[in-house]
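The model shown is predicted, which means the values in this text are computed figures rather than measured ones. Whatever order the structure lists them in is the order used to number ligands and atoms, beginning at 1.
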Amino acid sequence: MTYETLLVERHDAVTLVTLNRPKALNALNSQVLAELLAVTAAYDADPGQRCLLLTGSDKAFAAGADIKEMEAMGFAAAYAGNFFAGWEQFTRTRKPMIAAVAGYALGGGCELAMMCDFILAADTARFGQPEIKLGVGPGMGGSQRLTRAVGKAKAMEMCLTGRMIDAEEAERAGLVARIVPAAALREEALKTAALVAAMPPLAAIANKEMVNAAFETGLAQGLAYERRLFHGLCATEDKAEGMSAFVEKRAGHYTGR
Ligand code: HXC
């Protein structure tokens with residue numbers, strides 16, 4: 001399948017997706033959403049693909065939802081069309097997804113990065129939720145995911161002032177997993193994605209579900225959920241292979257069974 005707003009490449013078991021609307025700083029319009037949903041559906045369905053890496057350009061991961069598309073949209077159209085609800089589908093991707101962010105990740109761009117399982121940031125990255133300056137607020141999860149990631153004080157400041165934070169501040173606040181020099185971002189992110197892709201695939205899905213459960217449940221329920229997933233993983237061939245490989249001091253070979 002060919003895409004107009006994305007570049008999609010396979011690097012062995014890694015699907016590398018590059019947002020590609022350079023003239024609009026990768027602003028996220030309906031077409032980007034539709035194409036991303038097609039890519040993630042294909043990714044989830046393909047047993048040969050085991051990690052998705054989402055990135056943008058050197059200047060912008062994405063400068064937000066497409067303001068030009070939203071400019072004429074009133075309440076009735078937004079409400080009746082359940083505008084932005086399609087992004088929930090993106091977050092239902094079961095297999096791992098990493099965001100590699102250089103430059104601007106603003107508004108919907110920051111929110112899209114936060115929908116991925118973790119963020120690797122170039123030292124040029126800038127994160128912000130500037131929607132208040134447009135008379136609105138985050139609409140793709142920013143008020144919730146940013147607050148869970150960085151806490152109320154910083155999330156509230158960012159949402160109320162629109163202030164951008166740089167990569168260092170984002171790392172200190174817990175928004176990004178790691179900072180990488182901009183020139184090395186793509187290579188380093190591909191290496192990290194390849195590491196994830198080499199993991200037993202069922203365990204990768206289960207680890208993602210476990211960590212996400214920490215944001216959806218109370219502690220007792222989350223611990224019980226984790227334990228049940230752990231018990232379930234004990235029934236997989238990959239668990240037998242992983243533990244044998246450790247004992248026999250060799251690399252494991254995983255099949256997703
Ligand atoms: C549409 C955008 C855009 C956006 C940039 N562009 N951001 N188009 N939607 N979110 C376009 C510009 O119009 C311009 O097109 C081109 O990209 C280059 O942008 P410039 O502004 O000329 O670049 P620069 O001076 O380098 O400034 C970069 C920037 C600025 C600081 C990132 O573009 C900016 O502030 N963008 C908007 C950021 C923002 O507010 N994002 C949140 C959006 S709302 P032309 O054709 O003029 O060359 C959102 C969720 C909303 O995400 C939820 C509501 C329900």
Could you check whether E216 pairs with R148 (Lys NZ or Arg NE/NH1/NH2 to Asp/Glu carboxylate O, under 4.0 Å)?
no

Examine ligand 1 and decide if any of its atoms is less than 4.0 Å from a heavy atom belonging to K59.
yes

Does Y43 reach the main-chain N or O of C51 with its side chain, forming a donor-acceptor pair under 3.5 Å?
yes

Does the protein place a non-hydrogen atom closer than 4.0 angstrom to atom 45 (P) of ligand 1?
yes

Kindly state if atom 26 (O) of ligand 1 has a protein heavy atom within a strict 4.0 Å cut-off, that is, under 4.0 Å?
yes

I'd like to check which ligand 1 atoms, numbered from 1 as shown, lie under 4.0 Å from a non-hydrogen atom of E131.
44 (S), 49 (C), 50 (C), 51 (C), 52 (O)

Check ligand 1 against G108 and write out every atom of the ligand that is under 4.0 Å from a heavy-atom position of the residue.
49 (C), 52 (O)

Is_contact(atom 48 (O) of ligand 1), protein non-hydrogen, under 4.0 Å:
no

Side-chain ion pair, E35 and R21, N-O less than 4.0 Å:
no

Quick check on D58: does its CG atom have over 12 non-hydrogen neighbours (other residues, nucleotides or ligands) under 6.0 Å away?
no

T15 backbone acceptor or donor facing Q49 side chain under 3.5 Å
yes

Heavy-atom contact check, 4.0 Å cutoff: does K23 meet ligand 1?
yes

Protein non-hydrogen atom below 4.0 angstrom of atom 38 (C) of ligand 1 present:
yes

Give a yes or no on whether atom 10 (N) of ligand 1 lies under 4.0 Å from any heavy atom of the protein.
yes

So, the side chain of K95 versus the backbone of D46: is there a donor-acceptor pair under 3.5 Å, distance only?
yes

Among all the protein's heavy atoms, is there at least one whose distance to atom 30 (C) of ligand 1 comes out below 4.0 Å?
no

Heavy atoms only: which of G103, A63, A105 is nearest to atom 42 (C) of ligand 1?
A63

Hey, is the main chain of K59 close enough, under 3.5 Å, to the side chain of S57 for a donor-acceptor pair?
yes

